[in-house]
Amino acid sequence: MKLATWNVNSVRQRLDLVLDWLKREQPDVLMMQEIKCETDQFPKAAFEDAGYGCAVVGQKSYNGVATLVRGDFSVTTDHLPGFSDPAARYVEVRTQDMVLGNLYLPNGNSGGEQGYATKLEFLNALTARARLLLAEETDFALAGDYNICPAPIDCAPGALGPEDALVRPQSRAAYRRLLWLGLTDALRALHPTGAAYTFWDYQARTWERDCGLRIDHMLLSPRLAERLQSAEPDRNERAMPRPSDHVPFIVTLKDPAKTNA
DNA sequence: ATGACCCCCGCAGGGGGA
């Protein structure tokens, strides 16, 4: 099974790029963030023609998430329970006996201290969601743009200042609290060391200098983690004409193990 | 140099992003 997450930075600007990528990569699921359109403006027909069903939570101008799924699925929630902000930042589906949460965390650098507090509130609600799914023994993945560099290796030297909301100790501690529940960071499970950036700012030629960040992540519940086969950012997409500033992050899982009881 | 990129709305330039 092939799962991907991609902050596309406007699905309407990136439609042809995403369709080409889907045709080439053939994922079973693509979780997109920052679609930047209202739900009824989402180019649903184009994705359906490509063989995908769509779970869309949009809003005007900003934010917005959409999950593309091949085959049967249902939407389990169109918002993150326990997070009161109305921004379109979470959609969750059930497919192939697993729950897939698609999330776009607040950046936390705008809106002053309240803006940063909202980021931590989202992380608290996400942690509660993970705890609930673990208690139910549901297999699940939580994927998307976390807007957190979990460790120093995930931020290129000089890319961000020490006070930036993406690297602040409280942001990193909140990310670790998710892991401590028993979740697995798919990228680091297979690539414990080294840079694995998923984002390069449009400004200051950061792509040419490989001055990037790892901020797009997929966390796996225990049984899914046992099936983990590969986890790779698709750097090719950053070199395309008119790219998103984020690249797709692709995770493949082995088929569920046959019962050997 | 109040620079520099890109997208949004909507028609000028301000907000947001990371």
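Throughout, protein chains are lettered first and strands after them, A, B, ... in sequence-line order, and every chain is numbered starting at 1.
Across B:dG16 and B:dA1, the matching C1' atoms stand 23 Å from one another, rounded to whole Å. Using P as the reference atom, B:dG3 and B:dG15 are 15 Å apart when rounded to the nearest Å. Spacing between B:dC8 and B:dA12 at atom C1', rounded to whole Å, works out to 14 Å. Rounded to whole Å, the separation between the P atoms of B:dA4 and B:dG14 comes to 13 Å.
Between A:Arg12 and B:dC6, a side-chain N or O to OP1/OP2 separation shorter than 4.0 Å is absent. Between A:Arg242 and B:dC7, a side-chain N or O to OP1/OP2 separation shorter than 4.0 Å is present. Under 4.0 angstrom from either OP1 or OP2 of B:dC6 there lies no side-chain N or O belonging to A:Ser10. For the pair A:Arg14 and B:dC7, the criterion of a side-chain N or O lying under 4.0 Å from OP1 or OP2 is met.
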Would you mind writing out the side-chain donor-acceptor pairs for residues 48-56 of chain A within the sub-3.5 Å range, not counting sequence neighbours?
residue : atom : partner : partner atom : Å
A:Tyr52 : OH   : A:Pro27 : O            : 2.6

Could you please spell out the steps behind the ring-ring contact (aromatic ring centres under 6.0 Å, His included) verdict for A:Tyr175 and A:Tyr146? CA-CA 9 Å; A:Tyr175 189 82; A:Tyr146 280 72; 5.7 Å; yes

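Residues passing the side-chain hydrogen bond (donor to acceptor under 3.5 Å, both in side chains) test with A:Thr138 are A:Glu136, sequence neighbours excluded. Taking the side-chain contact (heavy atoms from CB on, under 4.5 Å) definition, one finds that A:Pro243 meets it with A:Arg238, sequence neighbours left out. The side-chain contact (heavy atoms from CB on, under 4.5 Å) search around A:Asp164 returns A:Asn109, A:Leu160, A:Leu166, A:Val167, not counting sequence neighbours. The side-chain contact (heavy atoms from CB on, under 4.5 Å) search around A:Ala151 returns A:Ile153, A:Asp154, not counting sequence neighbours.
Distance, A:Gln13 CD to B:dC9 P: 10 Å, rounded to whole Å. Rounded to whole angstrom, the span from the CG atom of A:Leu17 across to the P atom of B:dC7 amounts to 11 Å.
Ring centers of A:His79 and A:Tyr90: at least 6.0 Å apart, outside the cut-off.
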Restricting both atoms to N or O, compile the protein contacts to nucleotides 15-18 of chain B shorter than 3.5 Å, with distance only.
residue : atom : partner  : partner atom : Å
B:dG17  : OP2  : A:Ser110 : OG           : 2.4
B:dA18  : OP1  : A:Glu34  : OE2          : 2.7
B:dA18  : OP1  : A:Asp145 : OD2          : 3.4
B:dA18  : OP2  : A:Tyr104 : OH           : 3.0
B:dA18  : OP2  : A:Asn147 : ND2          : 3.0
B:dA18  : N9   : A:Asn107 : ND2          : 3.4
B:dA18  : N7   : A:Asn107 : ND2          : 3.3

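Each of A:Lys60 and A:Ala204 has a nearest nucleotide on DNA chain B; the 5'-most of these lies closest to A:Ala204.
Residue A:Arg205 is classed as having no contact, given no heavy-atom separation below 4.0 Å to the nucleic acid.
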